[in-house]
A.B. asks: 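Below is the structure I would like to discuss, written out as structure tokens.
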Amino acid sequence: MTSQNIVQFDGPTILKAENVAVYYGDKQVLRDVMLSVPTHKITALIGPSGSGKSTLLRCFNRMNDLIRGARVEGQVTYHDQDLYDPEVDPVEVRRRIGMVFQKPNPFPKSIYENITWGARINGYRGTMDELVERSLRRAALWDEVKDRLHENALSLSGGQQQRLCIARAIAIEPEVILMDEPASALDPIATLKIEELMHELKENYTILIVTHNMQQAARVSDYTAMMMLTEDRNSATVIEFGKTQAIFTHPRDRRTEDYITGRIG
Amino acid sequence: MATRSAERVITGDEAVRAALRRKAGRNIPELIIRWILLACSLISILTTVGIVGVLVFESAAFFSEVPLGDFLLDTQWTPLFADKRFGIWPLVVGTLMTSTIAIAVALPLGLLSAIYLSEYASPRLRSTIKPILEVLAGIPTVVYGFFALLFVTPLLERVIPNLATFNAISPGIVMGIMILPMVASLSEDALHAVPVGLRYGAFALGGTKFEVSTRIVVPAALSGIAASFILAISRAVGETMIVAIAAGQRPVLTFDPREPIQTMTAYIVQVSLGDVPAGSLAYRTIFAVAMLLFLMTLVLNIASYFIVRRFREVYE
Ligand SMILES: Nc1ncnc2c1ncn2[C@@H]1O[C@H](COP(=O)(O)OP(=O)(O)OP(=O)(O)O)[C@@H](O)[C@H]1O
Ligand SMILES: [Mg+2]
């Protein structure tokens with residue numbers, strides 16, 4: 001099933017999925033997934049609803065462990081270390097591979113505490129004030145909230161909440177940030193801010209982002225992976241991977257072309 | 001509202017019209033049911049009003065004979081003796097002592113069980129244990145009372161020196177056990193209502209299960225947990241049977257939980273069951289005590305109402 005359309009990326013790779021299959025109970029939803037995530041690049045995961053994008057994303061920081069009945073097979077590696085090795089502590093994995101969710105989920109605490117929570121449980125030793133300012137600046141939120149750091153984070157707008165979640169994720173200095181449709185609940189201006197932010201973050205982080213928005217994928221990502229249900233329609237896999245520009249201008253797979261041009265999905 | 005144009009009625013099919021017409025026979029039962037339901041709700045409202053009315057009326061009569069100052073400042077409670085003293089403190093302290101012990105047992109254990117059920121237990125275990133908790137909450141308190149007197153007190157006598165047969169510790173502990181399922185069940189509801197997205201957010205930052213449970217989920221559910229605590233406290237303050245059976249009938253001001261005491265509720269039971277003539281001053285004491293008890297639980301319930309209201313706003 002792994003087709004010739006998967007261009008194995010030959011530059012530095014930080015995360016790799018090899019022959020990954022995921023089951024929820026008896027139901028297989030992913031099969032034969034091959035994907036390399038290039039270091040310090042933005043990789044977009046696109047594909048129709050139900051094609052397992054979120055599921056695949058969760059394989060990379062072991063969030064699937066939290067879903068009862070979920071089972072991951074195959075190999076997922078981070079710096080060539082198997083993430084599903086019994087020796088590996090998923091808590092440590094998530095420290096290094098952060099995640100931003102589709103729906104903003106700030107803690108019902110102050111803006112300040114939202115940032116410091118992760119640092120605190122991870123035994124951060126620096127000055128919290130500095131950490132808060134640095135993270136909020138990097139998330140392009142500082143100017144909007146610097147006078148209300150001790151207000152409840154839920155008083156922020158949806159777009160601000162999402163940037164706070166990004167700030168919270170980068171505050172613990174992960175190497176990779178996984179984003180599951182981070183802008184889907186936001187208006188175009190807030191979306192634009194998040195996209196600009198991703199460009200900035202690329203310098204220091206590797207980003208893997210799920211998006212339904214083709215323009216967004218084209219705008220922000222360097223590489224794109226296309227996911228699709230297989231012919232039997234029971235499970236999905238990555239059917240094409242390559243430079244975003246190549247995928248969007250000369251897709252090799254008919255299904256990718258149909259999806260990008262809006263004929264399916 | 002549909003418009004009733006004359007044309008429509010005329011053009012309507014005769015059979016349809018007959019079918020849709022109001023049936024006379026249906027209205028009467030509808031009306032009767034409505035009146036019965038109204039009467040039922042009125043009865044419960046009127047009873048409550050009646051109870052409060054009697055309390056106010058009888059305590060007013062009591063306070064016309066006994067100055068409020070004596071009631072609140074005296075430290076002796078001897079209304080049934082020749083030398084009558086009406087200081088409420090022995091009963092209040094007795095109540096607070098047993099309640100405090102009960103709360104010290106029920107709140108921590110209840111919260112820990114709730115955290116276990118909500119965050120650690122499998123859905124299957126959770127759905128087995130929750131109904132069991134509710135059954136436990138339905139055990140008649142007289143059973144707990146004898147459990148305290150005949151089982152817990154003898155057990156405690158082995159470890160606590162100078163423990164009287166009737167004391168505050170044993171019924172306090174058993175009362176705590178009695179309230180525990182309620183605290184666990186209500187706190188578990190509050191924890192369970194915390195959106196799962198918050199937990200995922202915390203796990204994604206490298207939180208362990210314990211950190212996520214205690215530092216994100218519990219604080220987010222705090223108002224609901226606090227409401228369950230207040231309900232538990234008012235249960236403990238108002239609980240009657242266990243203390244009447246196992247705490248004794250000695251209204252003496254003491255802070256030693258090993259000694260026999262009397263709570264406000266137990267005093268009311270004692271006098272109600274005794275041969276005090278209705279209308280006498282001794283008889284009226286129970287209304288004054290009941291009034292105070294009513295005010296205490298009312299304050300607790302109002303507090304929990306406001307806390308629960310705050311709770312609703314917490315995640316949005
Ligand atoms: N917790 C779960 N339990 C059982 N099945 C699940 C669970 N989560 C996802 N699935 C199933 O797995 C398949 C892939 O779901 P997934 O959420 O990964 O798709 P997706 O590509 O992210 O879709 P969308 O674009 O709608 O978010 C779907 O068929 C879905 O029903
Ligand atoms: Mg998804």
Side-chain angles (χ1 to χ4, degrees), chain A residues 54 57-58 60-69 89-110 113-124 152-155 158 161-162 164-174 176-180, chain B residues 114-130 187-228 306-316:
Chain A
S54 303
L57 206 65
R58 286 195 293 264
F60 287 122
N61 69 341
R62 298 208 37 184
M63 280 306 263
N64 278 331
D65 290 23
L66 304 175
I67 295 172
R68 219 168 279 279
D89 181 358
V91 169
E92 289 298 327
V93 171
R94 296 183 199 121
R95 255 228 64 184
R96 289 168 178 79
I97 306 176
M99 189 168 215
V100 176
F101 298 80
Q102 174 169 5
K103 199 167 158 260
N105 57 352
F107 304 131
K109 300 176 186 287
S110 71
E113 287 169 298
N114 263 274
I115 304 289
T116 57
W117 194 83
R120 206 157 258 150
I121 60 166
N122 287 302
Y124 176 76
N152 197 307
L154 296 165
S155 67
Q161 289 186 8
Q162 194 62 305
L164 179 64
C165 291
I166 294 174
R168 176 175 88 177
I170 55 188
I172 59 168
E173 303 279 351
V176 182
I177 304 178
L178 309 172
M179 298 185 170
D180 195 347
Chain B
I115 293 175
Y116 174 75
L117 281 182
S118 163
E119 308 300 313
Y120 287 82
S122 70
R124 235 181 80 206
L125 186 63
R126 176 174 175 272
S127 60
T128 320
I129 291 190
K130 279 279 272 187
S187 298
E188 201 275 341
D189 288 341
L191 294 172
H192 204 71
V194 172
V196 72
L198 281 187
R199 295 184 181 83
Y200 286 164
F203 278 119
L205 290 171
T208 61
K209 188 138 206 161
F210 183 72
E211 286 161 344
V212 175
S213 306
T214 55
R215 301 211 215 167
I216 294 293
V217 183
V218 169
L222 206 56
S223 331
I225 293 170
S228 86
F306 281 105
I307 289 173
V308 169
R309 259 202 355 184
R310 224 204 92 210
F311 171 52
R312 288 215 188 95
E313 296 164 1
V314 117
Y315 323 113
E316 287 307 320

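A, B, ... follow the sequence lines: proteins, then strands. Residue 1 opens every chain.
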A.B. asks: Just give me the residue among B:Pro219, B:Gly197, B:Ala202 that pairs up with chain A most often, heavy atom to heavy atom, under 4.5 Å.
C.D. replies: B:Ala202
A.B. asks: Do the side-chain N and O atoms of A:Arg94 and A:Asn61 include a donor-acceptor pair separated by under 3.5 angstrom?
C.D. replies: no
A.B. asks: Is any side-chain heavy atom of B:Val217 closer than 4.5 Å to a side-chain heavy atom of B:Leu198?
C.D. replies: no
A.B. asks: Under 4.5 Å heavy-atom distance to chain B, tell me which part of A:Ile172 shows up: side chain, backbone, both or neither.
C.D. replies: side chain
A.B. asks: Under 4.5 Å from any heavy atom of chain B, what part of A:Pro174 do you find: side chain, backbone, both or neither?
C.D. replies: neither
A.B. asks: Quick one: which of A:Arg62, A:Arg96, A:Arg68 has the most heavy-atom pairs under 4.5 Å with chain B, could you say?
C.D. replies: A:Arg68
A.B. asks: Side chain, backbone, both or neither: which part of A:Phe101 has an atom under 4.5 Å from a heavy atom of chain B?
C.D. replies: side chain
A.B. asks: Which bit of B:Arg199 comes within less than 4.5 Å of chain A, counting heavy atoms only: side chain, backbone, both or neither?
C.D. replies: neither
A.B. asks: Indicate yes or no: at least one non-hydrogen side-chain atom of A:Asn105 is less than 4.5 angstrom from one of A:Arg168.
C.D. replies: yes
A.B. asks: Taking the side chain as every heavy atom from C-beta outward, state whether B:Tyr120 and B:Lys209 have any atom pair closer than 4.5 Å.
C.D. replies: yes
A.B. asks: Could you list the residues that satisfy salt bridge (charged side-chain N to carboxylate O under 4.0 Å, His left out) with A:Lys109, not counting sequence neighbours?
C.D. replies: none
